[in-house]
Amino acid sequence: MNYQKQKGTVDILPEEGKKWQYVEQVLRTIAGVYNFKEIRTPMFEATEVFNRAAGETSDMVSKEMYTFNDKGERSITLRPEGTAGVVRAYVENKQFALPETPNKYYYMGPMFRYERPQKGRQRQFNQFGVEALGVESPTLDVEVIAMAVTIFESLGIKDVSVVINTLGDQMSRASHKEALINHFKPHIDELCSDCKTRLEKNPLRILDCKVDRNNPLMASAPKTIDYLTDEAKSYFEEVCELLDSLEIKYVVDSNLVRGLDYYSHTVFEVISSDERLGAQSTLCGGGRYNGLVKEFGGPETPGIGFAFGMERLMMVADIEEEVEGLDAYIMTAGKDGANLGLQIATMLRVNGLSVEMNHQETRSFKSQFKSVDRNNTHFVIIVGQDEVDKEAVQIKCVHDKEQQEVKLENILEFIENHLGGHDHE
RNA sequence: GCGGUCGUGGUGAAGUGGUUAACACAUCAGAUUGUGGCUCUGACACUCGAGGGUUCGAUUCCCUUCGAUCGCCCCA
């Protein structure tokens, strides 16, 4: 039988787990600074939640979702991204009625996409994301972009750049869409089969096609930027000016089309040229989604957010490694020694000291000392038959190698008095 | 979904169509019978990923399969 972990999943072992805790803590701190509060939504939702939000024609929905029927014959999908669930929860819990806007949420946790794994891409991966709902303003857009940049800077990530574009408002998008249809329809037979469906459902995505990317029709296709309404155009210009005022470097890329259908107005990505990312250069993607809350049955409510893959982040982040160590290791000999050792260990632990003890009766002191070293221990407490008989243990400081006899009732006091004395180096 | 590369002990990693499968690290034991980090000695691969084929003989060659990994695509 095959008990190996599933393709595209990873086990995070304690050493790696420490790094995760560090990164998570940095993220929570920055979220707090920007006044985003944590929201935790379910890891699975009704399939329709994602179909509706991201668009049925998107690659993510059409071929990457973990979808199955549960025992009640409901179609369930493991979340492939975070925004849909947050917006669903926002509407369901009537958060739009809260007096304070924007409503600012952050989340982190696992997402699931059925893809072929490679460097920087897993089937179960973790995202950190934020969503700010209830306000449409260039200053909020830029606040969100600035937060993303702050996160990458705080983690010491270099070689990042911000790419932005605008998709315009409803009207801009509608006239652009019409232009695209007029442009492609006469030549539809020259395009791939996917593009034929896209023409019907979402012509914008034709520009995204990998099969037909070199077709001259692509280069001559109508551009988003030429179909912006005056309002959309000035909104975007304001965003750019605000980015300038914060000295955030960015480039405008009019071909930036995000993979999910819910975006409008400002869209952006943070990309990195760091080679440790392999073929994946996109660290972070986000944008505005003004129609989404209404899609889910809420009132007309604007929103903006971003998300990034934490695994990718960790591949390029500078992570401070904290040296961990034990306050005491209890070396034991014999059954009586082990029994007394357990008493002492428990007593010290209750008092907040980190303690490990030897549980194997046959283990030599020599090999127990190896455990002492591996655990970066401060004090060794030796508990054998002699100590049991004398009701006093031997305590040895690993750093200066001095050893002395300490009565059972004085162990805690002795350790606490001497702990501050040395560095754990 | 499509391609490339790889799969030998706990780990890293040599190697050959023939049977004792190097080496290093780690681990355990002993020298040192209750005091480590050095040294020395010893122990440690009964599916060389799995299945099939070629062969007198396969870990080595061929096919299949599974897994890992990288890339295309797409995204985070």
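Chain letters run A, B, ... following the sequence lines, proteins first and then strands; every chain starts at 1.
Counting non-hydrogen atoms under 4.0 angstrom, A:Lys7 reaches the backbone sugars and phosphates but no base. The residue A:Gln360 sits apart from the nucleic acid: no heavy atom pair falls under 4.0 Å. Within 4.0 Å (heavy atoms only), A:Glu311 reaches no atom of the nucleic acid at all. Across all strands, A:Gln280 comes closer than 4.0 Å to base atoms (heavy-atom distances). Within 4.0 Å (heavy atoms only), A:Gly120 reaches at least one base atom of the nucleic acid.
Computed from coordinates, the A:Leu313 CG to B:C75 C1' distance equals 16 Å when rounded to whole Å. In this structure, A:Tyr262 atom OH and B:C75 atom C1' are separated by 12 Å, rounded to whole Å. Between the CZ atom of A:Arg123 and the C1' atom of B:A68 there is a distance of 13 Å, rounded to whole Å. Atom C1' of nucleotide B:A68 and atom CD of A:Gln122 are separated by 14 Å, given to the nearest angstrom. In this structure, A:Arg258 places its CZ atom 8 Å from C1' of B:C75, rounding to the nearest Å. Put simply, NZ on A:Lys5 is 6 Å from P on B:U69, counting in whole angstrom units. B:C74 atom P lies 14 Å from atom CG of A:Leu256, rounded to whole Å. Atom CZ of A:Phe50 is separated from atom P of B:A76 by 14 Å (rounded to the nearest Å).
Distances shown here put every side-chain N or O of A:Arg116 at or beyond 4.0 Å from the OP1 or OP2 atom of B:C74. Contact between the side-chain N/O atoms of A:Gln118 and the OP1/OP2 oxygens of B:U69 is not found at any separation under 4.0 Å. Taking only side-chain nitrogens and oxygens, A:Arg374 comes nearer than 4.0 Å to OP1 or OP2 of B:U27.
Residue side chain A:Glu115 reaches the base of B:A76 through a donor-acceptor N/O pair under 3.5 Å, judged by distance alone. Judged by distance alone with a 3.5 Å cut-off, no donor-acceptor contact links the side chain of A:Arg363 to the base of B:C28. One cannot find a donor-acceptor pair under 3.5 Å joining the base of B:C70 and the side-chain atoms of A:Arg121.
Minimum atom distance to the side chain of A:Lys119 is reached by B:C70, of the listed B:A76, B:C70, B:U35.
A donor-acceptor pair under 3.5 Å links the side-chain atoms of A:Glu311 to the main chain of A:Asn126, judged by distance alone.
The partner of B:G51, taking Watson-Crick or G-U wobble pairs whose two distances both stay under 3.5 Å, is B:C63. Across all strands shown, B:C73 has no partner, as no Watson-Crick or G-U wobble contact with both distances under 3.5 Å is found. B:C38 is unpaired under the Watson-Crick or G-U wobble criterion, no partner having all donor-acceptor distances under 3.5 Å. Figure legend. B:U19 is base-paired to no nucleotide; pairs are counted as Watson-Crick or G-U wobble with both atom distances under 3.5 Å.
Residue side chain A:Phe369 fails the stacking definition with respect to B:G37, as its ring centre and the base's six-membered ring centre are not both under 5.5 angstrom apart and under 30 degrees in plane angle.
Across the C1' atoms, B:G10 and B:U5 are found 26 Å apart, a figure rounded to whole Å. As rounded to the nearest Å, B:U8 and B:A24 have C1' atoms that lie 15 Å from one another. Look at the C1' atom in both B:A68 and B:A76: the space between them is 23 Å, to the nearest Å. Comparing B:U41 with B:C23, their P atoms sit 13 Å apart, to the nearest whole Å. Nucleotides B:C25 and B:U32 have their C1' atoms positioned 24 Å apart, rounded to a whole Å. Distance check on atom C1': B:G49 versus B:U69 gives 15 Å, rounded to whole Å. Between the C1' atoms of B:G57 and B:U16, the separation comes to 14 Å (whole Å). Between B:G17 and B:U59, the two C1' atoms lie 11 Å apart (nearest whole Å).
In this structure, a donor-acceptor pair under 3.5 Å is absent between the side chains of A:Ser371 and A:Glu356. Using modelled atom types and a 3.5 Å distance limit, the side chains of A:Tyr262 and A:Arg52 yield no donor-acceptor pair. Between A:Asp141 and A:Thr266, the side chains place a donor N or O and an acceptor N or O closer than 3.5 Å (distance only, hydrogens not considered). Side-chain contact annotation: A:Tyr235 with A:Arg288, donor-acceptor N/O pair under 3.5 Å present. At a cut-off of 3.5 Å, with distance as the only test, no side-chain donor of A:Asn339 or A:Gln343 sits close to an acceptor on the other residue. Residues A:Gln6 and A:Gln124 have side chains that never bring a donor and an acceptor to within less than 3.5 angstrom of each other. For the 3.5 Å distance criterion, the side chains of A:Ser254 and A:Asn165 fail to qualify, holding no donor opposite an acceptor.
In this structure, A:Arg123 is positioned above the aromatic face of A:Tyr114, its NZ or CZ under 6.0 Å from the six-membered ring centre and within 45° of the axis.
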Is there any protein nitrogen or oxygen under 3.5 Å from a nitrogen or oxygen in nucleotides 31-34 of chain B, and what are the pairs?
{"from": "B:A31", "atom 1": "N6", "to": "A:Lys366", "atom 2": "NZ", "distance (Å)": "3.2"}
{"from": "B:G34", "atom 1": "O6", "to": "A:Gln385", "atom 2": "N", "distance (Å)": "3.4"}
{"from": "B:G34", "atom 1": "O6", "to": "A:Asp386", "atom 2": "N", "distance (Å)": "2.7"}
{"from": "B:G34", "atom 1": "O6", "to": "A:Asp386", "atom 2": "OD1", "distance (Å)": "3.2"}
{"from": "B:G34", "atom 1": "O6", "to": "A:Asp386", "atom 2": "OD2", "distance (Å)": "3.1"}
{"from": "B:G34", "atom 1": "O6", "to": "A:Glu387", "atom 2": "OE1", "distance (Å)": "3.4"}
{"from": "B:G34", "atom 1": "N1", "to": "A:Glu387", "atom 2": "OE1", "distance (Å)": "2.7"}
{"from": "B:G34", "atom 1": "N1", "to": "A:Glu387", "atom 2": "OE2", "distance (Å)": "3.1"}
{"from": "B:G34", "atom 1": "N2", "to": "A:Glu387", "atom 2": "OE2", "distance (Å)": "2.7"}

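Here A:Phe128 and A:Tyr106 bring their ring centres to under 6.0 angstrom of each other.
Between A:Cys284 and A:Thr9, the residue anchored closer to the 5' end of RNA chain B is A:Thr9, taking for each the nucleotide with the nearest heavy atom. Taking the nucleotide of RNA chain B with the nearest heavy atom to each of A:Arg312 and A:Lys401, the more 5' of the two is matched to A:Lys401.
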